[in-house]
Novice: 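The following block contains the structure, expressed as structure tokens.
Per chain, numbering begins at 1; letters A, B, ... match sequence-line order.
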Number of protein chains: 2
Amino acid sequence: METTKNTRGRGRPRRFDPDEAVATATQLFHARGYDAVSVSEVTEALGINPPSFYSAFGSKLGLYTRILDRYAGTDAIPLADILRPDRPVAECLAALLEDAARRYAADGGAAGCMVVEGTRCSDAEAREAARAYNLAAEEAIRAFIAARHPRQAEQVTDFVATTMFGLSAKARGGHGLDQLLATARLAASAIGPALAE
Amino acid sequence: METTKNTRGRGRPRRFDPDEAVATATQLFHARGYDAVSVSEVTEALGINPPSFYSAFGSKLGLYTRILDRYAGTDAIPLADILRPDRPVAECLAALLEDAARRYAADGGAAGCMVVEGTRCSDAEAREAARAYNLAAEEAIRAFIAARHPRQAEQVTDFVATTMFGLSAKARGGHGLDQLLATARLAASAIGPALAE
DNA sequence: ATAATTTTATAATGGAAACTACAAAAAATA
DNA sequence: TATTTTTTGTAGTTTCCATTATAAAATTAT
């Protein structure tokens with residue numbers, strides 16, 4: 001269960017598990033965003049003191065990169081499962097938007113996509129870190145579309161990505177699951193015709 | 001040209017025009033967002049000292065409300081001109097999205113909609129101020145649709161608003177005019193069928 | 001001119017942010 | 001048991017933030 005068990009070197013042992021700390025801090029950053037969460041809030045939530053925090057993560061940005069990395073593996077949309085080469089492209093993209101709507105719906109105060117929201121924060125380095133993950137996801141979508149609809153790949157990818165940004169923003173603004181799903185489906189209805197041209 | 005000319009009371013005269021100051025500060029807040037702009041940056045850009053700022057605007061939030069008010073009158077989308085009772089609803093909403101795409105395209109570093117971006121800042125009061133303007137705009141759109149398509153008004157308004165949030169976010173993220181326009185048109189293509197149901 | 005009024009410039013103030021110096025504490029090794 | 005290593009807790013530091021106290025300057029009214 002513990003992935004960062006330090007082969008137990010000598011020194012005084014840690015009183016907290018960094019992986020658990022990352023999971024806990026994820027909730028904070030997802031719920032309120034990188035800018036609005038202070039290191040003191042994190043250390044308080046974790047029950048540790050600043051030096052322990054900095055020795056484990058190096059900086060606020062260091063924690064954030066670990067959070068993003070973990071998020072990509074556990075909470076992010078499973079693109080590989082949704083974008084299937086054996087199903088119609090439009091159908092897969094509809095499933096993608098629907099999955100986004102479901103995930104983004106407020107779930108204990110943490111609405112929207114943490115990566116998408118991260119691309120809009122004020123700290124330049126944190127923003128770029130989040131943008132890298134977002135860019136990778138968009139590239140995957142683009143490549144999936146291009147395999148069968150190369151001419152429309154750019155435009156449809158932009159549309160899907162824009163819709164996802166909108167869904168994330170509206171989820172944060174208070175839209176509920178039903179509203180997000182209806183919007184996702186309405187958006188999806190434009191994709192089939194666009195790919196047929 | 002000057003709207004705040006103080007009927008020239010007695011005291012020492014102002015060395016700056018508050019209305020001009022609001023216009024100048026608008027660029028800063030639009031380009032970088034409420035959170036990221038500090039009062040010292042504003043006073044420096046205006047060439048004034050903090051006491052002059054606070055005597056004229058009361059607080060950072062006070063300036064922001066004046067900025068939002070001005071923006072609504074000059075830079076915001078002219079809903080009354082675009083949502084015409086004598087043209088098909090779908091056509092008007094397509095024009096609305098296209099107008100948004102054009103306005104949001106980066107224009108000297110200030111991309112996206114200032115109100116939309118303002119609804120996502122960390123300061124609670126500033127966020128609520130921006131949300132009020134955004135809500136008013138969405139209500140206007142909803143009422144326009146409801147007049148002829150009451151059954152679909154909620155859903156289509158949500159879709160249009162979500163698309164506008166996405167366009168604003170993508171404009172800030174670097175999408176150019178062509179990309180934004182193509183996305184706006186693709187989104188618009190879903191509206192006609194949705195209203196026909 | 002003198003008084004009243006308002007804005008100005010200088011220089012703080014208090015608070016919160018990210019981060020760190022330092023020494024005591026807790027473990028492994030020798 | 002003594003040494004080495006790492007983490008811990010306390011208590012800072014520095015920097016930036018929004019905001020303000022104070023008194024001099026510039027204007028109108030008397």
Novice: Rounded to whole angstroms, how far apart are CD on A:E125 and C1' on C:dA18?
Specialist: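 Between C1' of C:dA18 and CD of A:E125: 13 Å.
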
Novice: Identify, between A:D35 and A:P51, the residue whose nearest nucleotide on DNA chain C lies closer to the 5' end.
Specialist: A:D35

Novice: Let me know the distance between CG of A:D123 and P of C:dA17, rounded to the nearest Å.
Specialist: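 It is 15 Å, rounded to the nearest whole Å.
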
Novice: Would you say the side-chain atoms of B:D123 and B:Y64 include a donor-acceptor pair closer than 3.5 Å?
Specialist: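 On atom types as modelled, these side chains do not qualify, holding no pair under 3.5 Å.
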
Novice: From CZ of A:R12 over to C1' of D:dT8, roughly how many Å is that when rounded to an integer?
Specialist: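 Result: 4 Å.
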
Novice: Answer yes when A:E20 and A:R14 have at least one side-chain N-carboxylate O distance shorter than 4.0 Å, and no when they do not.
Specialist: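 Salt bridge flag = no for A:R14 with A:E20.
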
Novice: Return the 5'-most residue of the pair B:S59, B:R10 with respect to DNA chain D, ranking by each residue's nearest nucleotide.
Specialist: B:S59

Novice: What is the separation between atom CD on A:E44 and atom C1' on D:dT10, rounded to the nearest whole Å?
Specialist: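 Taking atom C1' of D:dT10 as the reference, CD of A:E44 is at 16 Å.
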
Novice: Can you tell me if A:S168 and A:E117 form a side-chain donor-acceptor pair at under 3.5 Å?
Specialist: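 Short answer, yes.
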
Novice: Looking at B:H175 versus B:Y104, is the centre-to-centre ring distance below 6.0 Å?
Specialist: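 Between B:Y104 and B:H175, which both carry aromatic rings, the centre distance is not below 6.0 Å.
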
Novice: Counting the atoms with a prime plus P, OP1 and OP2 as sugar-phosphate, which does B:F57 contact under 4.0 Å by heavy atoms, base, sugar-phosphate, or nothing?
Specialist: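 Result for B:F57 = nothing.
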
Novice: Answer yes or no for B:K60 and B:Y34: cation-pi contact, defined as NZ/CZ to six-membered ring centre under 6.0 Å and angle to ring axis within 45°.
Specialist: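 Checked: cation-pi criterion met.
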
Novice: A:Y54 side chain N/O closer than 4.0 Å to the phosphate oxygens (OP1, OP2) of C:dC19?
Specialist: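 Looking at the OP1 and OP2 atoms of C:dC19, one of them is under 4.0 Å from a side-chain N or O of A:Y54.
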
Novice: What is the distance from CZ of A:R14 to P of C:dA26, rounded to the nearest Å?
Specialist: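 Value for this atom pair: 17 Å.
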
Novice: For A:P50, which contact category applies under a 4.0 Å heavy-atom criterion: base, sugar-phosphate, or nothing?
Specialist: base

Novice: For D:dG9, does OP1 or OP2 lie under 4.0 Å from any side-chain N or O of A:R15?
Specialist: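 Yes, such a contact exists.
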
Novice: Would you kindly give the CZ-to-P distance between A:F16 and D:dG9, to the nearest whole Å?
Specialist: 10 Å

Novice: Just N and O in the side chain of B:S52: are any of them under 4.0 Å from OP1 or OP2 of C:dT8?
Specialist: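 Indeed, a polar side-chain atom of B:S52 lies that close.
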
Novice: Both A:G11 and B:S38 contact DNA chain D. Taking the nearest nucleotide for each, which residue is further toward the 5' end?
Specialist: A:G11

Novice: Reckon B:V42 touches a base, only the sugar-phosphate, or nothing at all at heavy-atom distances under 4.0 Å?
Specialist: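 Nothing, no heavy atom under 4.0 Å.
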
Novice: Using whole Å, report how far CG of A:L63 lies from C1' of C:dC19.
Specialist: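 Going from CG in A:L63 over to C1' in C:dC19 covers 14 Å.
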
Novice: Using whole Å, report how far CD1 of B:I48 lies from P of C:dT8.
Specialist: 7 Å

